[in-house]
Amino acid sequence: MTHIDGARLLTDLRDLARFGQVSTGVTRLPFSSDDLSAREWLRARMAAAGLAASIDPYGNVYGAVPGAGPAVLIGSHTDTVPQGGWLDGALGVMYGLEIARARLEQGQRDVDVVSFMDEEGTYLSFLGSRTFCGGMTDQELERTKGPGGRALAEVIRERKSFGAPARLDRDRHVAYLEAHIEQGPRLEAAQQRIGVVSAIVGIHRYRVSVEGQANHAGTTPMSMRRDAGATLIGIAAEVPQRFAAEAGAETVWNIGSMSFSPGVTNVVPAAATMSVEFRDTDVKILDKLDGVLQDIAAAHSRARRLPVETSLVMRAEPVKMDERMAQAIATAAQGRGEAARIMASGAGHDAQILAQCLPAAMLFVPSIGGRSHTVTENTRDEDIVLGCQVLADAVERILTP
Ligand SMILES: [Zn+2]
């Protein structure tokens, strides 16, 4: 059995949280100086642990254990959203480092560690894990613009980084494991300390736009208005009830933004746009909700005699985790006296990219108050340490024939 050093893990996590610190959280936007400094620090920590560590042209930090493998790859990301939490991503990376280090101290050379670039999508969601798996084209990098309109390809060129991109090695890597904070309230509410992810939800994201006609809001009779705003609000108001009728128990949906043009008090809106997204692990439910949204839009378009357009702006398929790897984590939790909760992940993770090329599994630890993507994000120290020990035990199970 590998015994992880909980105090060392917590110290590393807190040291990492100093890069880009904002009160109790962090801001480490991809390729920012805080992000790159944190990555350099991480590279040095990996090297000190005995890994062959480097930062690749995309900013992925990869630490390979000496030897030809087989190896389990453990990782996540160290970039954050603005004013994000100190554990989102960082937890899974530091678990990897601690487990690789603890096993090396026992003479076992079988865990590689990775911190992917831009999981959060400041430039491009899953940039690092996608390049790591070889699923990124130069054209995509060229056309992706980040904050301030900078092309992602230019940002990468400017780094003048050396060396080859870090790549998944199918002859070496037998599994990908990612630990993450839950970022939701379910584990805490059930007083459970370990979650095992069965699947990561798929997402359908739409832009719904109504075309009306601007006119004076004081002089145009109600019956003569071509009001794009009122039409859009009518569609939005119908979404919760109609979706609920077709949704599954775990389906979620969100109207996250809405805007009117010209967007002034005394003008009837000429155009109105909103975003609608929904998530589920069941592709049949997602497809059904596509139809419901189209129906609602078409009915309001007819009733108001205004053009309504629904365009799919993003579609991510649900991704199942590997059952054998997931079972290894659940059994490891059991071995530490914890009944694992089998659950879906409502958030995206690098594991959904890796799962397309390797058996992949995820472990969740509870988020206090279910909070994440905010500086108040936190997890109890005991849970952080337990999660790492359980993942280390799972690695043992996976690598022991
Ligand atoms: Zn994350």
Does Arg207 come within less than 4.0 Å of Glu309, counting only side-chain N to carboxylate O? no
Using the side chain to side chain contact (heavy atoms under 4.5 Å, CB included) criterion, which residues pair with Thr331? Sequence neighbours excluded. Gln327, Arg397
Pair Gln183-Ser367, side-chain donor/acceptor within less than 3.5 Å: no
Ignoring hydrogens and geometry beyond distance, is a side-chain donor-acceptor pair present between Tyr206 and Asp290 at under 3.5 Å? yes
Report all side-chain donor-acceptor pairs from residues 253-268 shorter than 3.5 Å, counting only partners two or more places apart or in another chain.
| residue | atom | partner | partner atom | Å |
| --- | --- | --- | --- | --- |
| Ser257 | OG | Ser275 | OG | 3.3 |

Measure across Val65 and Val111 and return the closest heavy-atom pair with its distance rounded to 0.1 Å. CB-O, 3.5 Å
Taken in chain and number order and not counting sequence neighbours, the residues that satisfy side chain to side chain contact (heavy atoms under 4.5 Å, CB included) with Glu142 are Ala153, Arg157
Polar contact flag, side-chain donor to acceptor under 3.5 angstrom, Ser76-Glu178: yes
Do the side chains of Asp79 and Arg28 get close enough for a salt bridge, i.e. N-O under 4.0 angstrom? no
Arg43: which residues meet the salt bridge (charged side-chain N to carboxylate O under 4.0 Å, His left out) condition with it, sequence neighbours left out? Glu40
Only distances under 3.5 Å count here; give the side-chain donor-acceptor pairs of residues 224-238 to other protein atoms, sequence neighbours excluded, each with its distance to 0.1 Å.
| residue | atom | partner | partner atom | Å |
| --- | --- | --- | --- | --- |
| Arg225 | NE | Thr220 | O | 3.0 |
| Arg225 | NH2 | Ala217 | O | 2.8 |
| Arg225 | NH2 | Thr220 | O | 2.9 |
| Asp227 | OD1 | Gly229 | N | 2.9 |
| Asp227 | OD1 | Ala230 | N | 2.9 |
| Thr231 | OG1 | Asp227 | O | 2.8 |
| Glu238 | OE1 | His300 | NE2 | 2.7 |
| Glu238 | OE2 | Arg242 | NH1 | 2.9 |

Compute whether any side-chain donor of one residue and acceptor of the other, for His77 and Asp88, lie under 3.5 angstrom apart. yes
Assess the side chains of Asp393 and Thr2: does a donor N or O sit below 3.5 Å from an acceptor N or O? no
Between Val319 and Ala355, which heavy-atom pair has the shortest distance, and what is it? CG1-CB, 3.6 Å
Salt bridge or not for Arg336 and Glu338, using N-O below 4.0 Å? no
Residues in salt bridge (charged side-chain N to carboxylate O under 4.0 Å, His left out) contact with Arg172, at least two apart in sequence or another chain: Asp112
